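Here's the structure we're looking at; comments come further down.
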Amino acid sequence: MKFAELNLSKDILDALEALKFEQASPIQAQAIPHLLEGHDLIGQAQTGTGKTAAFGIPVIERLDPNIREPQVLVLCPTRELACQIADQFKKIARFKRQVSIVSLYGGQQIDIQFKALRRGANVIVATPGRLMDHINRRSVNMDSIKTVVLDEVDEMLNVGFKQAIDEIFERIPNRERQTILFSATVSERIMGMAMRYQKNPKLVKIAQTESSSANIEQFYYEIKERAKPEALTNLINEYKLKFSLVFCNTKRQVDEVVRNLNDKGYFANGLHGDMRQSQRDRVMNSFRRGETEILVATDVAARGIDMNIEAVFNYDVPEAAESYLHRIGRTGRAGQTGKAFTFVVGSQIHKLNTIKRYSKGQIHNSKLPV
Ligand code: AMP
């Protein structure tokens, strides 16, 4: 479906053209009409499906730029994601005058955020903890909020933001509030949240086959633990990969893989939860600029990385099938093709079989290049 068929203003259509978005993705085609009409909505979609624009486009379209108080609140689990959402919103709002978007997240000096808020914001993109901090300091006011988006709700619940979210909702007037939930999975807990905060939500989801994993070639290799370093570089060389993302289950493993790669002359950098925000930003920027060829990360640190990566490696089999889908969703974005490689040691094959069932058996057993 073309965006022109979706009843959008010229300002937004021009911005989408500048972004080179030609066709609406399936989640966008389904969600945007409901959201433009002001309905509440539960959207089931992973990263890579275009979900940010699926809520971003209608939310910005409906915003009243003349009101200089926060009208739209987007909550998400990590600072990286908050920055990306704010960034995409700014691009969508590019030709709309007086739309001002402020992101509030932990790890950035609060003074900078005070200043941004004082200048006036009509859209707030925040992580729940830092937003509560601002609410308690009275630096932000929730009285005029009309639209709330909870992005990656499953992740926010996983990392323990339930209470902060409940407290935030207590501060938001619920008359005429539009509440939008987006999540990769829709569990009972999420439905509970929907019942508490939404009114007759529309449900939209994209079937597994329509999701981004359809254009990702997936392979796995049964190997010994000690063969992994060589397997990794062999695959990088064989497929002439310029930019890849390697997932490890532990921070220690991240450090070790980075060290191994650096020793062999690759430009690799690590990203994990123990690093300071400034260090993480430095690593991400270097990857964005193409100076780092291989980013090695834990699940938490990599959440929200929004770039089209050629290949994703599971250096370790992830603990849950869901994280497998999340991990490989970093490649094959927006119609591009991608590759995913998984290393399996011994009895981890059982874990992989579960993942295979979950992802409809698209992961092929393969032999390493020699
Ligand atoms: P998301 O699922 O929101 O993380 O988006 C994944 C990527 O797809 C982002 O880099 C977007 O800029 C891009 N994208 C979103 N919608 C479209 C579209 N309709 N056409 C092309 N690219 C898109």
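Note that the coordinates shown come from a computational prediction; the quantities given were computed from them, not determined experimentally. Note that ligands are numbered from 1 as they come in the structure, with each ligand's atoms numbered from 1 the same way.
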request  = Classify the contact between Gln23 and ligand 1 as side chain, backbone, both or neither, using a heavy-atom distance cut-off of under 4.0 Å.
outcome  = backbone

Can you give me every donor-acceptor pair (side chain of residues 89-101, partner residue at least two apart or in another chain, under 3.5 Å) with its distance?
residue, atom, partner, partner atom, Å
Lys91, NZ, Asp87, OD2, 3.3
Lys96, NZ, Glu61, OE1, 3.3
Ser100, OG, Gly120, O, 2.7

message = Please list, in number order, the atoms of ligand 1 under 4.0 Å from a heavy atom of Gln88.
response = 11 (C), 12 (O)

message = Taking distance alone, with N or O pairs closer than 3.5 Å, would you say Glu22 contacts ligand 1?
response = no

query = Does any non-hydrogen side-chain atom of Phe247 lie less than 4.5 Å from one of Pro318?
reply = no

ask   = Is a salt bridge present between Lys115 and Asp111, judged by a nitrogen-to-oxygen distance below 4.0 Å?
value = no

Quick one: side chains of residues 139-147, donor-acceptor pairs under 3.5 Å with protein atoms, not counting sequence neighbours, listed by atom name and distance.
residue, atom, partner, partner atom, Å
Ser139, OG, His134, O, 3.1
Ser139, OG, His134, ND1, 2.7
Asn141, OD1, Asp143, N, 2.8

query = Should you measure from each heavy atom of Phe3, which atoms of ligand 1 turn up under 4.0 Å away?
reply = 19 (N)

